[in-house]
Participant: 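Take this structure, written in structure tokens, and hold onto it; I'll ask about it next.
Because only heavy atoms are used, hydrogens play no part in the values below, and waters and symmetry mates are left out as well, while side chains stay in.
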Amino acid sequence: MTVTPGILVLAGTPIGDIADAPPRLAEELATADVIAAEDTRRLRRLTQALGVQPAGRVVSYFEGNESARTPELVEALAGGARVLLVTDAGMPSVSDPGYRLVAAAVEKDVRVTAVPGPSAVLTALALSGLPVDRFCFEGFLPRKAGERLSRLREVAGERRTLVYFEAPHRLDATLAAMAEAFGSERRAAVCRELTKTYEEVKRGPLGELAEWAAEGVRGEITVVVEGAGEPAAGELDAAELVRRVRVREEAGERRKEAIAAVAAEAGLPKREVFDAVVAAKNANA
């Protein structure tokens with residue numbers, strides 16, 4: 001007898017206001033064979049708020065047990081189960097557990113679908129007042145100061161709007177590092193407690209935002225940063241050209257490739273960037 005594979009459902013959950021729960025969420029919670037939840041206690045509060053009584057088995061699925069529990073859930077899917085994956089807020093897999101399970105399900109030819117829901121990334125982007133036509137989500141930055149600054153320097157020339165998640169107790173240090181890597185005048189928006197009672201969007205230059213955050217900020221934080229401006233030909237001095245090459249080399253690019261990329265960004269001949277790199281090397285010899 002051939003068993004028809006089940007289906008994996010990724011369900012978006014409210015990021016603040018429970019009224020934002022999509023109508024299909026209650027139905028899925030009530031009918032799923034298995035509910036994999038990042039926090040089973042928060043799931044219980046969610047189901048109570050929605051007036052839902054889950055009929056299926058509830059299991060925890062969080063960063064600490066994601067690798068170990070994925071095979072168990074894939075086995076259930078292979079046996080025909082409808083597995084619902086929910087995280088604490090927003091869409092599973094977006095800086096939350098889910099990627100491993102989706103990848104494993106796809107590998108087994110199990111159908112994966114979603115119940116679209118609220119997203120802190122898109123909500124913050126829309127409220128920021130910054131360009132939304134092109135953007136990239138960078139998730140959480142490294143906790144260590146040196147690694148954080150290095151990661152930011154890698155994208156200092158990125159022209160798309162950047163979106164980050166950050167913990168409130170690290171916000172001041174992160175904004176200060178952003179001001180150092182991107183420039184203190186780069187525009188940004190700090191979105192706090194989105195859709196909740198004390199929602200706040202603080203907009204301004206990174207330098208000013210870093211000073212504001214030094215006083216202490218609470219709540220769930222999403223930071224949106226303006227992309228780099230289009231450099232005019234000849235606008236960048238030799239030191240900046242060398243810095244950009246170094247950042248790319250530190251990120252793993254070969255020097256030849258880094259020089260070509262920086263030259264293309266700046267609208268300059270590769271030879272001019274190469275000469276700047278050689279001159280800086282000789283000056284430090």
Side-chain angles (χ1 to χ4, degrees), residues 5-50 52 54-126 135-141 163-167 191 193-196 220-222:
I7 182 170
L8 173 62
V9 183
L10 310 179
T13 56
I15 59 176
D17 192 337
I18 193 66
D20 293 334
R24 278 181 53 208
L25 178 59
E27 179 184 349
E28 292 289 349
L29 286 167
T31 60
D33 298 307
V34 180
I35 301 175
E38 184 177 9
D39 186 327
T40 56
R41 292 167 300 180
R42 293 189 67 160
L43 171 66
R44 191 177 305 114
R45 291 197 292 269
L46 175 63
T47 55
Q48 290 173 347
L50 295 177
V52 174
R57 179 166 58 98
V58 175
V59 299
S60 63
Y61 190 75
F62 60 98
E63 185 179 0
N65 73 354
E66 191 174 0
S67 295
R69 181 138 282 169
T70 293
E72 172 191 330
L73 294 174
V74 171
E75 183 178 352
L77 287 164
R82 189 177 188 88
V83 176
L84 179 68
L85 176 61
V86 294
T87 51
D88 292 346
M91 182 59 67
S93 285
V94 182
S95 282
D96 276 333
Y99 167 74
R100 287 187 178 89
L101 182 55
V102 172
V106 169
E107 186 177 347
K108 296 294 184 180
D109 290 325
V110 172
R111 183 186 169 201
V112 181
T113 189
V115 177
S119 165
V121 176
L122 297 181
T123 303
L125 183 68
F135 72 94
C136 54
F137 174 56
E138 290 288 309
F140 284 95
L141 287 164
V163 184
Y164 295 89
F165 286 162
E166 190 50 280
C191 303
E193 294 290 89
L194 289 172
T195 78
K196 298 178 183 177
E220 300 284 338
I221 304 293
T222 305

Participant: Under the rule for ring-ring contact (aromatic ring centres under 6.0 Å, His included), what residues qualify as partners of Phe165, not counting sequence neighbours?
Facilitator: Phe137, Phe140
Participant: To the nearest 0.5 angstrom, please state how far the CZ atom of Arg69 sits from the CG atom of Leu101.
Facilitator: 11.5 Å
Participant: Could you give the distance from CG (Leu77) to CD1 (Ile7), rounded to the nearest 0.5 Å?
Facilitator: 9.5 Å
Participant: Given the rule in the side chain to side chain contact (heavy atoms under 4.5 Å, CB included) test, do Val59 and Glu72 qualify, once you have shown the distances and angles that lead to the verdict?
Facilitator: CA-CA 10 Å; Val59 299; Glu72 172 191 330; 4.3 Å; yes
Participant: What pair of heavy atoms forms the shortest contact from Leu25 to Gly12, and how long is it?
Facilitator: CD2-O, 3.9 Å
Participant: Decide side chain to side chain contact (heavy atoms under 4.5 Å, CB included) for Thr123 and Cys191; before the verdict, give the C-alpha distance in whole Å, the side-chain angles of both, and the deciding distance to 0.1 Å.
Facilitator: CA-CA 9 Å; Thr123 303; Cys191 303; over 6 Å; no
Participant: For Asp39, which residues count as a salt bridge (Lys or Arg N to Asp or Glu O under 4.0 Å) partner, sequence neighbours excluded?
Facilitator: Arg41
Participant: Going by the rule salt bridge (Lys or Arg N to Asp or Glu O under 4.0 Å), which residues pair with Arg45 if we only count those two or more places apart in sequence or in a different chain?
Facilitator: none
Participant: If you count every heavy atom of other residues, nucleotides or ligands that lies below 6.0 Å from Glu75 atom CD, does the total exceed 12?
Facilitator: no
Participant: Any idea which heavy atoms bring Glu66 and Gly98 closest together, and the distance?
Facilitator: OE2-N, 3.1 Å
Participant: What heavy-atom pair brings Leu194 and Ala120 nearest, and what distance separates the two atoms?
Facilitator: CD1-O, 3.9 Å
Participant: Applying salt bridge (Lys or Arg N to Asp or Glu O under 4.0 Å), name anything that partners Glu220, two or more places apart in sequence or on another chain.
Facilitator: none
Participant: Let me see the working for Tyr61 and Glu38 under side chain to side chain contact (heavy atoms under 4.5 Å, CB included), right down to the final yes or no.
Facilitator: CA-CA 5 Å; Tyr61 190 75; Glu38 184 177 9; over 6 Å; no
Participant: In residues 85-94, what donor-acceptor pairs under 3.5 Å come from side-chain atoms, sequence neighbours left out?
Facilitator:
| residue | atom | partner | partner atom | Å |
| --- | --- | --- | --- | --- |
| Thr87 | OG1 | Asp96 | OD2 | 3.4 |
| Ser93 | OG | Tyr99 | N | 3.0 |

Participant: Could you give all pairs that pass the side chain to side chain donor-acceptor pair (under 3.5 Å) test and reach residues 6-35, with sequence neighbours left out?
Facilitator: Glu28-Arg82
Participant: So which atom in Gly117 and which in Pro22 form the shortest heavy-atom distance, rounded to 0.1 Å?
Facilitator: CA-CG, 4.4 Å
Participant: Check the surroundings of atom NZ in Lys196: do more than 12 heavy atoms from other residues, nucleotides or ligands lie under 6.0 Å from it?
Facilitator: yes
Participant: Is any side-chain heavy atom of Leu122 closer than 4.5 Å to one of Phe135?
Facilitator: yes
Participant: What I'd like to find out is whether the side chain of Thr195 reaches to under 4.5 Å of the side chain of Pro14, using heavy atoms alone.
Facilitator: no
Participant: Does a side-chain heavy-atom distance below 4.5 Å link Leu46 with Leu29?
Facilitator: yes
Participant: Does Val115 form a side chain to side chain contact (heavy atoms under 4.5 Å, CB included) with Val9? I'd like the steps, not just the answer.
Facilitator: CA-CA 7 Å; Val115 177; Val9 183; 3.7 Å; yes
